There are 2 protein chains.
Amino acid sequence: MSTRRATISDVAREAGVSPSTASVVFSGKTPVSDATRRRVVDAASALGYTGPDPRAASLRTGRSGIVGVVFEEHLGTAFLDPVKTLMMDGLTEAVAPLGAGLLLLRDQETGQGPSLTTAPLDAAVLIGCSGLLRESLNTVRARGIPVVVIEGDAGEDVPRIELDNREAQAQAARHLRGLGHVDVAIVTLPARTGWQRGWVLDSTPITIDVTRERLAGARDVYPDAVAYAAAGSFIDEGLAAGRAILSRPGPLPTAILAQSDLLAAGVIRAAEEAGLRVPEDLSVTGFDGIVVDGLAPYELTTLVQPAAEKGRAAGHAVAAMLGGAEAVSIRFTCAFRGGNTTAVAPARE
Amino acid sequence: MSTRRATISDVAREAGVSPSTASVVFSGKTPVSDATRRRVVDAASALGYTGPDPRAASLRTGRSGIVGVVFEEHLGTAFLDPVKTLMMDGLTEAVAPLGAGLLLLRDQETGQGPSLTTAPLDAAVLIGCSGLLRESLNTVRARGIPVVVIEGDAGEDVPRIELDNREAQAQAARHLRGLGHVDVAIVTLPARTGWQRGWVLDSTPITIDVTRERLAGARDVYPDAVAYAAAGSFIDEGLAAGRAILSRPGPLPTAILAQSDLLAAGVIRAAEEAGLRVPEDLSVTGFDGIVVDGLAPYELTTLVQPAAEKGRAAGHAVAAMLGGAEAVSIRFTCAFRGGNTTAVAPARE
DNA sequence: TTGTATGCGTTATCAA
DNA sequence: TTGATAACGCATACAA
């Protein structure tokens, strides 16, 4: 039936105007008389023309309307993390006014994928802090594409969106100290990608920035607190970590600092399992300030990080760079939020 | 410093070969002598040329390497659903060999976004079953873009990935009947987008296919079972629904069929709250077969749907259509998985 | 194995 | 307000 898709020239011919006029009707960049517009629109619908071919338009304008989002992990697990989900949400929102959408990309460069080298990107947002980040960064910069990094250090001249992880975690620790807690344990996020859960020793290398910074914050207040690293930010991981800590020989801690809300939720479950009441026997703090589905009636004492804001900021940074402006790094601050999972330390026996 | 990005012609000139030869070096479509290749590669790196401009290449080849994924909801909430997450995972995987990536798109057409009309898509995958689907579908088809629909009815000639929802849910119901359950209640997914939770009456219109089909399956076995619709597939929604059902005047049901695992998890929590033991006092079935974080020690009796497979199938359908083949609709089957949340009905008083 | 010629469909610029 | 012209950067058919 249709041998070839209609082009804007076809439409122009049909409407009896020049191609450039027809183009302007669709782009709206220049005033066009109503009569002309009508003729063009009619011709278009007669020919089944649905608008300029994005490929040609993007070759001409140099813009594709696509922002790449690069994850350092399996995409499936990326969205298991509520914080990342919120970030994506903010990013989507901030990027929409640009007329841009998000293209999901993986760090891997598995040969086949579209990847950073071949996708028609206007800009890229890198998420994470692994070593692979470096490589992705080089690829993107070699192409001359504006790039923003969230939660990772990419060097001086790359705009960065970060969090006051250390200071925030220290704030939670000070909160506990203020409640009289002395014996405190820490449940951390993974120490490095591909990490198995286990105790964190002084000799344990921690390559993930977020984990290291939050741990440092906790240790600023409790230098000798034992720490157990989870294999991911999940309730079940928190449960396992909680069990490990609560079944450890020696006196039980009276409080546990978890590096994420999901981990904290798991710790609470481990406490219940061990017959401990939260917060009477054990105080628990989280990190992130997300809504943990099914945690009611507990309300975590936690640090609320502006996850969606982070995404939005990244989007704005991208917008700024595309507008020719210099994007600046932003450091966000977490807000302490008291819940019902922390209380005055029980009297020592 | 750099006034203009180098093009393949620049590289060719620098290397002393023709543009087409240089092009071939990058595409690998035609044999090139080693000496020539070297010269071209060297020239490229000397000029900082990182490969063909994807925009130009895609105009020429007609391929952008981008598959749009259209959600009918806020992107943030889309990824809250583990089933969707898994689907995305499968889709990502199946689409990678095409050299394609996924562009996140929303149904909304909020004016600003890139949207279906302006994105350089090779194909589109529509997820969901709302009325908005229709509109998106028309947009895409008008552009002549191959499209696949997951979990929705898009008409005869659009390949579709579906599930045997009704039959599978009936299977769960028969399982309960086999255990002697007579008084059974149902917790459904939302009846329509934007739905508030509440009882499902005979007069309640159900516009979401999945909800309607699963409900029909349950009613095939228990025609008179009461049903309460949640506002979404979340544990907390299941909790609310469970409370509503268990606090209803009259005899308590001995079993509850939930239309998703998350809802089932909430129902279990409601049962615990009400002092009922699962499965001794109340049997609960789920749907999806996902891993519910934090549900241990319960293992849901549920129907395992091949979520990742669904995504993969959509990806393959897309690949087929791009390859010029006719894509066929696929109907997946759920597998019954017995857990420890169902048991013989308690003796009737 | 390499080079020549052509056009993919659009839009920016400028002149009318 | 409209039209003519010239790229945008590349990949392919075909000739050499």
Side-chain angles (χ1 to χ4, degrees), chain A residues 3-41 43-44 47-65 99 117-122 143-145, chain B residues 3-41 43-44 47-65 99 117-122 143-145:
Chain A
T3 86
R4 188 178 63 89
R5 290 204 72 69
T7 74
I8 203 166
S9 305
D10 298 331
V11 173
R13 199 178 318 114
E14 174 85 9
V17 301
S18 78
S20 48
T21 302
S23 168
V24 159
V25 167
F26 285 99
S27 74
K29 295 262 183 184
T30 306
V32 177
S33 78
D34 275 358
T36 308
R37 182 196 319 287
R38 271 202 70 87
R39 289 223 310 285
V40 171
V41 170
L47 295 177
Y49 180 80
T50 56
D53 179 335
R55 285 175 263 265
S58 92
L59 172 58
R60 184 60 240 232
T61 62
R63 285 287 172 84
S64 64
T117 42
T118 61
L121 304 179
D122 286 346
R143 283 183 63 188
I145 294 174
Chain B
T3 87
R4 187 178 64 89
R5 289 204 72 68
T7 74
I8 203 165
S9 306
D10 299 331
V11 173
R13 197 178 319 114
E14 174 86 8
V17 301
S18 80
S20 59
T21 302
S23 169
V24 159
V25 167
F26 285 99
S27 73
K29 295 263 182 184
T30 306
V32 178
S33 77
D34 277 358
T36 311
R37 181 195 320 287
R38 271 201 70 88
R39 288 224 309 285
V40 171
V41 170
L47 295 177
Y49 180 80
T50 57
D53 179 334
R55 284 176 265 264
S58 91
L59 173 57
R60 185 58 239 244
T61 61
R63 285 288 172 83
S64 64
T117 43
T118 61
L121 304 181
D122 287 345
R143 282 182 63 186
I145 294 175

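Worth saying up front: this structure is predicted, and the values here are computed from it rather than measured. Atom set for the values below is all heavy atoms of this structure, side chains included, hydrogens, waters and symmetry mates excluded. Sequence lines set the chain letters: A, B, ... in the order given, protein chains first and strands last, and positions in each chain run from 1.
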Exercise for the section: Report the distance from atom OH of B:Y49 to atom C1' of D:dG9, rounded to the nearest whole Å. Expected result: 8 Å
Problem - Smallest separation among heavy atoms of B:L47 and B:E14, with atom names - result: CD1-CB, 3.9 Å
Fill in the blank from the handout: Atom CZ of B:R55 and atom P of D:dA11 are separated, to the nearest Å, by 14 Å
Problem - Distance, rounded to the nearest Å, where B:K29 contributes NZ and D:dA11 contributes P - result: 10 Å
Fill in the blank from the handout: Heavy-atom closest pair (A:P54 atom, B:T118 atom, distance to 0.1 Å) is CB-O, 3.3 Å
Exercise for the section: Indicate whether OP1 or OP2 belonging to D:dG9 is found under 4.0 Å from a side-chain N or O atom of B:T7. Expected result: no
Completion exercise
Shortest non-hydrogen pair, A:R5 vs A:G48, comes out as NH2-O, 3.9 Å
Problem - Check ion pair B:R60-B:D53 (N to O, under 4.0 angstrom) - result: no
Practice task
Evaluate the criterion side-chain contact (heavy atoms from CB on, under 4.5 Å) for residue pair A:V40 and A:R37; output intermediate values, then yes/no.
Solution key: CA-CA 5 Å; A:V40 171; A:R37 182 196 319 287; 5.8 Å; no
Problem - Whole angstrom value for the distance that separates C1' of D:dA11 from CZ of B:R63 - result: 15 Å
Practice task
Please list, in 5' to 3' order, the outermost nucleotides of DNA chain C lying under 4.0 Å from any heavy atom of chain A.
Solution key: C:dG9 to C:dA12
Problem - Minimum heavy-atom distance A:S64-A:D122, with the two atoms named - result: N-OD1, 2.8 Å
Practice task
Using whole Å, report how far CZ of B:R60 lies from C1' of D:dG9.
Solution key: 11 Å
Grab the N/O contacts between the protein and nucleotides 2-5 of chain D below 3.5 Å, and write none if there aren't any.
from  : atom 1 : to    : atom 2 : distance (Å)
D:dT2 : OP1    : A:S33 : OG     : 2.7
D:dT2 : OP1    : A:T36 : OG1    : 2.1
D:dT2 : OP2    : A:S33 : N      : 2.8
D:dG3 : OP2    : A:S18 : N      : 3.1
D:dG3 : OP2    : A:T21 : OG1    : 2.8
D:dG3 : N7     : A:S20 : OG     : 3.3
D:dA4 : N6     : A:S20 : OG     : 3.1

Problem - Exercise: identify the closest heavy-atom pair between B:R39 and B:V17 - result: NH2-CG1, 3.5 Å
